[in-house]
Number of protein chains: 2
Amino acid sequence: MKKGGFMKDNKPIFKPYRKKSAHNYVFEVLKEFIISGAYKPGDRLPTEIELSKTMGISRAATREGLRELEGIGLITTVQGSKGGRFVKNINSDIIVNGLDILLKTHKTSFDELIEARKAIECITAKMAATNRSQENLTAMSKVLDLRVKSKEEFYSKTFELHELVALASQNKVLFYIVQAIRRLIFQTYSEISLEENNIELVMKTHNAIFKSIKNRDPKGAEKAMLSDIEAYRKLYLDVLKKRFSDE
Amino acid sequence: MKKGGFMKDNKPIFKPYRKKSAHNYVFEVLKEFIISGAYKPGDRLPTEIELSKTMGISRAATREGLRELEGIGLITTVQGSKGGRFVKNINSDIIVNGLDILLKTHKTSFDELIEARKAIECITAKMAATNRSQENLTAMSKVLDLRVKSKEEFYSKTFELHELVALASQNKVLFYIVQAIRRLIFQTYSEISLEENNIELVMKTHNAIFKSIKNRDPKGAEKAMLSDIEAYRKLYLDVLKKRFSDE
DNA sequence: GTTTAGTTAGTGTCAGACAATTATACATTA
DNA sequence: TAATGTATAATTGTCTGACACTAACTAAAC
């Protein structure tokens with residue numbers, strides 16, 4: 001009984017015999033190697049031909065397994081000499097695609113996304129206020145203390161602050177979720193361009209967030225985060241409206 | 001300037017001519033058809049041979065594209081007569097895999113997952129208390145009012161309540177995230193078996209959640225949700241401890 | 001030096017044959 | 001009649017071997 005439960009109700013259990021398909025074997029084995037860390041991000045996998053030879057599987061089937069790995073986002077393919085299959089960095093990108101499809105097919109609105117951000121990021125802000133380390137603070141202040149050169153730079157830094165806050169919550173799950181949602185929004189609604197006065201507004205709310213987290217003030221951090229995201233929402237809608245009236 | 005920005009700095013922009021690889025073409029085209037709803041969940045795609053003929057692409061390359069689609073979780077493959085490629089239902093499963101890999105590779109602990117659940121589900125409970133509809137309530141009460149026949153049934157229903165709460169928050173993003181995290185936990189730490197007295201405990205806390213949501217009491221709902229999840233956490237650790245001392 | 005033309009090591013594509021799997025219909029048999 | 005076996009068709013799975021494409025590197029030509 002103890003090991004595996006071969007019997008049930010005094011009757012033997014017959015597990016179905018399942019010979020895995022070749023391509024699936026390639027997929028599973030390599031996936032396991034990558035997840036376990038035997039192949040690390042940046043590593044190059046053996047070539048198709050090597051793989052197929054050592055596994056005793058045709059090149060065609062091997063390629064199918066590799067494509068599946070590519071689909072779930074674990075590897076990329078590079079053509080040419082010095083090319084091959086490379087293990088990708090595993091970060092929140094691995095969810096972004098799926099989330100994108102999920103929300104697109106279920107017609108999720110911008111407002112709903114913003115509302116979700118408010119909900120989650122207010123918590124991370126609150127948690128960050130209690131859990132933040134000294135390194136977290138220095139990283140944040142480094143991002144805030146910017147002499148903005150270009151709008152692109154401003155955006156990337158703006159982005160980073162929110163992610164640093166999530167990081168400071170010391171909860172990886174929340175961190176990755178926050179990151180994924182933000183990246184999704186960025187890639188879907190990226191065409192917003194801020195005017196100068198808006199930059200100042202954003203910097204003000206960001207400073208408020210930072211200050212509260214520094215002072216270990218959860219309530220304040222939550223409040224500041226809320227008004228920052230709300231400001232972003234209004235800003236986006238304004239841009240849309242303006243663009244609409246222009247045409 | 002207005003339409004698409006063909007010029008920049010008074011110089012014409014030459015977009016690189018990119019002949020997509022054949023397998024990638026198959027992937028992109030079908031993905032688009034599925035996301036746009038041209039092929040709906042349950043639909044069968046044309047057979048490999050049909051696809052390759054109509055697209056003018058070899059069967060091997062077509063198969064690679066299909067494998068990629070399988071990787072991201074949009075289709076499944078069924079062998080045999082009446083088999084083929086079928087469009088999957090698009091639900092939170094499409095993120096679960098990626099989330100699983102992400103957290104595994106970054107060595108996320110059970111406690112961290114539970115903490116994230118507390119954070120997010122407390123909000124959904126709070127939101128549900130204000131946003132719930134009448135249908136939400138009846139669905140919940142249907143799940144709560146159970147004459148449990150088997151443990152499996154108990155588990156599936158227990159699961160459903162939390163998801164129904166998230167649904168009642170009326171925010172799809174949060175709903176899918178809650179669902180994904182719970183499914184992930186279930187598939188990774190599923191071996192917990194409850195004893196009879198624990199079932200009663202769970203039913204008590206669940207009833208408390210329901211009551212607060214029904215009475216439109218956000219604070220109460222939040223509190224009840226928190227203690228329910230905390231109870232689950234303790235329970236799991238107890239089971240682990242017991243199992244450890246048994247051996 | 002700069003351009004140009006091979007060389008090399010990978011992935012990308014193709015065609016065609018055959019194997020495996022499953023549903024269905026039909027035949028056989030106890 | 002009910003269970004079992006058989007044939008067929010439709011679809012995916014696998015294999016082989018050849019050739020094309022791509023990109024980094026190298027050597028020759030100018």
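Convention: sequence-line order gives letters A, B, ...; per-chain numbering from 1. Note that the structure is a prediction, hence the values are computed from the model and not measured.
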Quick one: list whatever passes side-chain hydrogen bond (donor to acceptor under 3.5 Å, both in side chains) with A:Ser133, sequence neighbours left out. A:Asn136
5' priority, DNA chain D, between A:Ile57 and B:Leu45 [closest heavy atom]: B:Leu45
Tell me, please, which residues at least two apart from A:Arg44 pass salt bridge (charged side-chain N to carboxylate O under 4.0 Å, His left out). none
Residues passing the side-chain hydrogen bond (donor to acceptor under 3.5 Å, both in side chains) test with A:Ser92, sequence neighbours excluded, are A:Gln179
Any side-chain donor-acceptor pair under 3.5 Å between A:Arg59 and A:Ser52? no
Residues two or more places apart in sequence or in another chain: which of them pass salt bridge (charged side-chain N to carboxylate O under 4.0 Å, His left out) with B:Glu68? none
Would you mind listing every ring pair (Phe, Tyr, Trp, His ring centres under 6.0 Å) that reaches into residues 46-84 of chain B, with sequence neighbours excluded? none
Of all of residues 75-87 of chain B, which get a heavy atom below 4.0 angstrom from DNA chain C, listed by number? B:Gln79, B:Gly80, B:Ser81, B:Lys82
Check residues 109-116 of chain B and write down every donor-acceptor pair under 3.5 Å in which the side-chain atom is one partner and the other belongs to a residue at least two apart or another chain.
residue	atom	partner	partner atom	Å
B:Ser109	OG	B:Glu112	N	3.1
B:Asp111	OD1	B:Arg233	NE	3.2
B:Glu112	OE2	A:Lys172	N	2.8
B:Glu115	OE1	A:Asn171	ND2	3.1

Of all residues at least two apart in sequence or in a different chain, which pass the side-chain contact (heavy atoms from CB on, under 4.5 Å) check with A:Ser58? A:Ala60, A:Ala61
Where along residues 58-74 of chain A does a heavy atom come under 4.0 Å from DNA chain D, residue by residue in number order? A:Ser58, A:Arg59, A:Ala61
Return the value, rounded to whole Å, for the distance between atom CG of B:Asn24 and atom P of D:dT22. 14 Å
Could you tell me which residues satisfy ring pair (Phe, Tyr, Trp, His ring centres under 6.0 Å) with B:Phe175, sequence neighbours excluded, listed by chain and number? none
Check residues 93-100 of chain A and write down every donor-acceptor pair under 3.5 Å in which the side-chain atom is one partner and the other belongs to a residue at least two apart or another chain.
residue	atom	partner	partner atom	Å
A:Asp93	OD1	A:Arg183	NH1	3.1
A:Asp100	OD2	A:Lys104	NZ	3.3

For DNA chain D, which residues in residues 47-54 of chain B have a heavy atom at a distance below 4.0 Å? B:Thr47, B:Glu48
